[in-house]
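Notes to accompany the following structure.
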Amino acid sequence: MPMPPDGRAGPPGAAGVLNGSSGPNGAGRPRDAGGAAERPRGADAVDGPGGAAGAGTGAGPGDGADPRDGAVGSPAEPVSDAGELERVLAELLAFLRRRITGDYTVDEHGFDPDLTEHIVAPLLRPIYRNYFRVETRGLENIPDKGGALVVSNHSGTVPLDALMTALAILDHHPAHRHLRMLAADLVFALPFLAPLARKTGNTLACQADAERLLGAGHLVGVWPEGFKGIGKPFSDRYKLQRFGRGGFVSAALRTGAPIVPCTVVGAEEIYPMVGNARTLARLLGLPYLPITPTFPWLGLLGLVPLPSKWIIEFGEPVDTTEYTQAAAEDPMLVFELTDRIRETIQHTLYGLLMQRRSVFF
């Protein structure tokens with residue numbers, strides 16, 4: 001759309017309904033006297049199955065968890081727990097001080113890396129590490145700097161896959177880049193979600209914004225299936241929907257940015273959509289209103305996603321520098337590249353589904 005400077009930057013956007021490297025060129029991460037900006041970002045990078053050095057995994061047996069979280073297989077020490085709490089409190093106080101003094105930056109799109117890193121990302125990390133136990137592969141395929149376009153499948157009824165993908169890159173990529181996500185119009189029409197989406201790096205899913213971000217050297221994320229992907233019935237799980245007219249390919253061709261295919265397995269099962277209340281959805285102005293085995297039957301409890309096990313794999317980038325900018329105006333070439341990327345993600349989905357042991361383990 002779901003189409004969230006280089007180097008280390010100030011995650012993930014609230015997207016997803018969303019479809020989004022670092023802050024503006026040359027802008028570093030906000031720092032303060034307490035050094036809160038220098039905190040480690042989640043688990044240390046390790047090799048995942050089929051991955052390469054530098055690819056991190058979610059918390060779980062065999063992954064490179066932050067030593068302060070306690071070693072796998074050994075009890076956590078109370079002293080380290082106290083130290084972790086002190087660190088979190090220090091970071092929060094440092095964040096509040098920066099907000100009061102105005103010692104933070106916001107780019108022309110409304111992106112606030114300080115808020116993203118120190119408030120939004122910490123709230124998502126327990127879900128990423130402990131609930132979905134995300135395993136990431138192929139992070140070496142994402143460039144350390146310069147513009148690049150990440151294209152992913154979309155699923156899950158609620159677009160948590162966009163958030164988890166952005167957090168995977170922020171925490172586990174060596175350059176800790178922000179994924180600037182291209183979000184659907186609906187995101188920016190909702191009262192609470194719209195300003196939060198802007199502050200966490202999302203922008204409108206249009207070709208002009210995509211080209212502007214890529215040209216400025218940002219890492220951009222797009223989910224071409226849009227609502228057709230996240231709102232499809234459970235019977236169609238892991239079957240990619242149409243990728244639109246290839247606007248994301250045209251943006252990459254015009255800017256010479258590589259296209260990195262991304263495949264997410266596990267998100268399809270968090271809210272199995274067995275029905276769609278279409279009439280009520282139209283009345284509410286929504287693209288769909290899901291009916292799942294738990295919602296609306298269990299009320300608010302039915303909004304809790306199922307704890308499926310996730311794998312996020314980044315494939316080899318498609319080089320666009322061999323084409324001229326005029327190639328973006330060739331509909332046949334754009335269609336061919338769009339279809340090639342779609343097929344790459346679909347085949348990777350089949351391969352990962354063959355590898356996983358079960359939905360929840």
Side-chain angles (χ1 to χ4, degrees), residues 2-4 11-12 19-21 42-64 127-129 132-144 148-156 159-177 179 181 219-225 229-230 237-241 243 248 258-270 308-319 340-361:
M3 219 210 335
N19 263 334
S21 148
D44 295 332
V46 297
D47 284 352
T57 62
D63 71 357
I127 302 173
Y128 177 98
R129 293 176 179 173
F132 294 138
R133 296 145 291 147
V134 181
E135 175 186 339
T136 56
R137 306 177 181 179
L139 279 167
E140 71 278 2
N141 290 317
I142 296 177
D144 291 345
L149 184 66
V150 176
V151 180
S152 179
N153 61 308
H154 212 17
S155 62
L160 293 178
D161 53 356
L163 299 176
M164 297 298 106
T165 301
L167 187 60
I169 297 171
L170 178 67
D171 277 0
H172 299 298
H173 189 271
H176 304 297
R177 302 190 68 179
L179 184 65
M181 296 182 279
L219 185 65
V220 180
V222 59
W223 289 258
E225 293 175 278
I230 57 175
R237 62 193 179 277
Y238 297 115
K239 297 176 183 176
L240 290 184
Q241 305 300 298
F243 265 24
F248 67 93
I259 302 174
V260 181
C262 174
T263 307
V264 181
V265 165
E268 295 276 16
E269 290 86 10
I270 61 173
S308 57
K309 173 74 172 64
W310 287 33
I311 300 173
I312 300 178
E313 181 168 313
F314 300 94
E316 293 187 6
V318 176
D319 186 15
R340 185 202 308 179
I341 293 164
R342 183 183 179 277
E343 287 300 312
T344 297
I345 296 174
Q346 184 67 78
H347 284 301
T348 306
L349 275 173
Y350 291 148
L352 293 177
L353 289 171
M354 294 276 293
Q355 295 175 27
R356 73 172 180 175
R357 295 174 298 172
S358 71
V359 172
F360 299 106
F361 303 100

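Source: prediction; values computed, not measured.
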Exercise. Identify the two heavy atoms, one from R133 and one from F361, that lie closest to each other, and give their separation to 0.1 Å.
Key: NH1-CA, 4.3 Å

Quiz item: Would you call R356 and E268 a salt bridge, using N to O less than 4.0 angstrom?
Solution: no

Self-check item: Working for side chain to side chain contact (heavy atoms under 4.5 Å, CB included), residues H173 and F314
Solution: CA-CA 11 Å; H173 189 271; F314 300 94; over 6 Å; no

Exercise. Kindly give the heavy-atom pair with the smallest separation between H154 and D161, and that separation in Å.
Key: ND1-OD2, 2.9 Å

Quiz item: Any donor-acceptor pair under 3.5 Å linking the side chain of R177 with the backbone of P143?
Solution: yes

Quiz prompt | Partners meeting side chain to side chain contact (heavy atoms under 4.5 Å, CB included) with S152 (sequence neighbours left out) | solution = W223, C262, V264

Quiz prompt | Distance (rounded to the nearest 0.5 Å) between R237 CZ and L353 CG | solution = 9.5 Å

Quiz item: Do I341 and F248 come close enough that some side-chain heavy atom pair is under 4.5 Å?
Solution: yes

Exercise. Drop me the distance from I142's CD1 to I169's CD1, to the nearest 0.5 angstrom.
Key: 3.5 Å

Exercise. Determine the minimum heavy-atom distance between N153 and E225, stating which atoms define it.
Key: CA-OE1, 3.3 Å

Practice problem: First locate atom CD1 of I127, then atom CG of L160, and finally report the distance between them rounded to the nearest 0.5 Å. | Solution: 7.0 Å

Quiz item: Just by distance, do the side chain of R342 and the backbone of Q241 share a donor-acceptor pair under 3.5 Å?
Solution: yes

Self-check item: From E135 atom CD to I312 atom CD1, the distance as rounded to the nearest 0.5 Å
Solution: 10.0 Å

Exercise. Could you pull out the closest heavy-atom pair between G315 and N141, with the gap in Å?
Key: O-CB, 3.1 Å

Self-check item: Value rounded to 0.5 Å, distance of OG in S155 from NZ in K239
Solution: 14.0 Å

Practice problem: Please report the shortest heavy-atom distance between E313 and T348, naming the atom on each side. | Solution: OE2-CG2, 3.8 Å

Quiz item: Can you check whether G266's main-chain N or O pairs, donor with acceptor, with S308's side chain at less than 3.5 Å?
Solution: yes

Quiz prompt | Counterpart residues, ring pair (Phe, Tyr, Trp, His ring centres under 6.0 Å), relative to F132 (two or more places apart) | solution = W310

Quiz prompt | Partners meeting side chain to side chain contact (heavy atoms under 4.5 Å, CB included) with E343 (sequence neighbours left out) | solution = D339, H347

Quiz item: Considering all heavy atoms of both residues, which atom of A267 and which atom of Y238 are nearest to each other, and what is their separation?
Solution: N-OH, 4.1 Å

Quiz item: Do V151 and P261 have side-chain heavy atoms sitting under 4.5 Å apart?
Solution: no

